[in-house]
Amino acid sequence: MASNYPSLKNEAIPISYEVTNVISESATVKTIFFKGPFNALPGQFVMLWLPGVDQKPFTLSATGANPAISFRIHGEYTRALAKVKTCDKIGITGPFGNGFDLSSAKSVLIVAGGIGIASVITLIEQAAAKKIRTEVILGARTKNELVFEKRITASGASLHLCTDDGTAGHHGFTTEAAGILLQKQKPDCIFACGPELMMKGIADIAAAHKIPVQLSLERYMKCGFGMCGACEINGFLVCKDGPVFTGEQVATMPDFGKSARLKSGKKISLKEYFSPKK
Amino acid sequence: MSDNLLSVNLCGMHLSNPTILASGVFGITRDLLSRASRNGAGALTMKTITKEPRSGHRAPIIVSFESGMMNAVGYANPGIEEVCREYADLSDVKCPVIGSALGETPEEFAYVISRMGKLPVSAIELPLSCPHTPGFGLMSGHTDPKQAAKITAAAKKATKKPIIIKLSPSIPNVGEVASAVEKAGADAINCGNSVGPGMIIDIETGKSVLGFGMGGVHGPAIRPLAVRCVYDIYEAVKIPIIGCGGITTGRDAIEMIMAGATAVGVGTATYYRGERALALIADELQEWMKKRNYKSLEEMRGIAHGKK
């Protein structure tokens, strides 16, 4: 029996990477590049440790030789992250999670709302590079908050913009834009990342059109690898079973689009959960 | 799995096998308890609950090293009020559930226990041994024999359900503490918690990695320490012992039972072997017992003491 002792993996410890560049994508979105190589599947995430501050999950907005994470500045942690400079050290654990599955799709629709684009940008680039017909709906509150438009068009994907205030592209939500697009063409698969109510809307539209859908979920995450249970949603662990879930899976989650757990584990409404932090 | 070979009675709870999911690992919500129960555990321990909600320590809260892990979760929990709602119905959890209650004072312990006692839990465990949270456990003298006995007595008054006292292998006089809580009415001892606190420093930044700066050390690195503590406690008390600390394989469970454990707590092994770690350990335990012709766990319990 002793010979069967399992190997003791040691992957749950941050490794320091040197920051190579920091760029502003918009007034509120920044990208931090660090020294690669660092490989991960589109949709997989890392836990990013800022020594003395906290550790939070981020999907990589670039992988390979020049990997990066992109974030919107909106709380204490991201304000500290925004102060990171070239040559600083950041701690990275991972990659974790399942990632998106392009499998045999010949045509895809990728819907991104707000900073959700950071989680699907490498998926867009990979899909387009594989000559998969790639339609992208990119939404934001206003024109100045749209990011990665150049990367999307450079990849060869077709980009459809949409803003809540009509300052660019379709005047309205990404869900409406998706509804309009789906009347003209039917992709093999839909992918989405953005505010949960947007993803709920996309999941409903995909179900109505009988198109498979994959959604990247967000819950308060602490460990990132399935031990602490903080990111649980109806018995699923977002860090380990996800963060990408299928339409069939989210259909079994009563809390999807409704409620989420705080750091303490207390369940509250999504509206309360995503209300601006003081 | 043949039920009778591995089955064990712990404080009136019927366990189909002696593995118990340790508190704070994985099964921290009702739905996760249900999921863990489908993965072959003999029993499950709920996360530890305090009177008021706690957000816990900053991340990282769990990190690995070459021979184990460290954690400083800081007792994140939604508070007993919320827990009474979430855990009111545990009917889809297919094995006994042990509650875990915590307070700063004997009175606060009693308050949480009296509320928790009304939930469908089979026993309540009191961790008196956390090495990394101010106000609790090792950081507040809860494992002083007199204080531990006081808390135990208060707990016994607060519920009719069995009370399990969780001690720390960090305490040198662990047998003495075990004896004190037995006299105060404890129904079982769990030994034990993570040890320490310990610290891991990231040498590139020169900063301690855990958000709290230090944390409890657990996993294979502490197994010999936990085994010795269980051995000492078996000498000191008559009540059953849950041996916990670094158990990763069936062999480790056997060792703990030979030291005197009635059941074994498993936590870190889920990191190395996945969610079904407890079932794998139980399978390996059973396979070995069959090979050696053991007919029950009772036959090998405490044999390291040479009394049987």
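Bear in mind the structure is a predicted one, so any value in this text is a computation, not a measurement. Hydrogens, waters and symmetry mates play no part in the numbers below; they use all other heavy atoms, side chains included. Letters go in sequence order (proteins before strands), and every chain restarts at 1.
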Quick check on [X] against chain B: is it the side chain, the backbone, both or neither that has a heavy atom closer than 4.5 Å?
X	result
A:Tyr220	neither
A:Leu8	both
A:Lys56	neither
A:Ser7	backbone
A:Glu18	neither
A:Leu237	both

Check whether any side-chain N or O of [X] sits under 3.5 Å from a backbone N or O of [Y] as a donor-acceptor pair, and report yes or no.
X	Y	answer
A:Ser264	B:Ser55	no
A:Asp54	B:Arg58	no
B:Tyr271	A:Phe225	no

Under 4.0 Å between a Lys/Arg side-chain N and an Asp/Glu carboxylate O for A:Arg261 and B:Glu86? yes

Problem - Check ion pair A:Lys267-B:Glu82 (N to O, under 4.0 angstrom) - result: no

Scored by heavy-atom pairs under 4.5 Å with chain B, the best of A:Gly224, A:Gly229, A:Ala12 is A:Ala12

Using the rule given for side chain to side chain contact (heavy atoms under 4.5 Å, CB included), can you reason through A:Cys228 versus B:Val73, listing the C-alpha separation, both sets of side-chain angles and the distance that settles it, and then say yes or no? CA-CA 8 Å; A:Cys228 80; B:Val73 173; 5.5 Å; no

Considering all heavy atoms, the nearest B:Leu32-A:Gly235 contact: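 Looking at all heavy atoms of both residues, the closest pair is CD2-O, 3.7 Å.
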
Scanning both residues in full, the closest heavy-atom pair of B:Gly267 with A:Met227 reads O-CE, 4.0 Å

If you count heavy-atom pairs under 4.5 Å with chain A, which of B:Thr205, B:Val209, B:Thr270 comes out on top?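 Option with the top pair count is B:Val209.
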
Ranked by heavy-atom pairs below 4.5 Å to chain A, first place among B:Leu280, B:Thr268, B:Thr248, B:Val25 goes to B:Thr248

Would B:Lys207 and A:Trp49 count as a side chain to side chain contact (heavy atoms under 4.5 Å, CB included) here? Give the steps. CA-CA 11 Å; B:Lys207 297 270 169 56; A:Trp49 173 51; 4.2 Å; yes

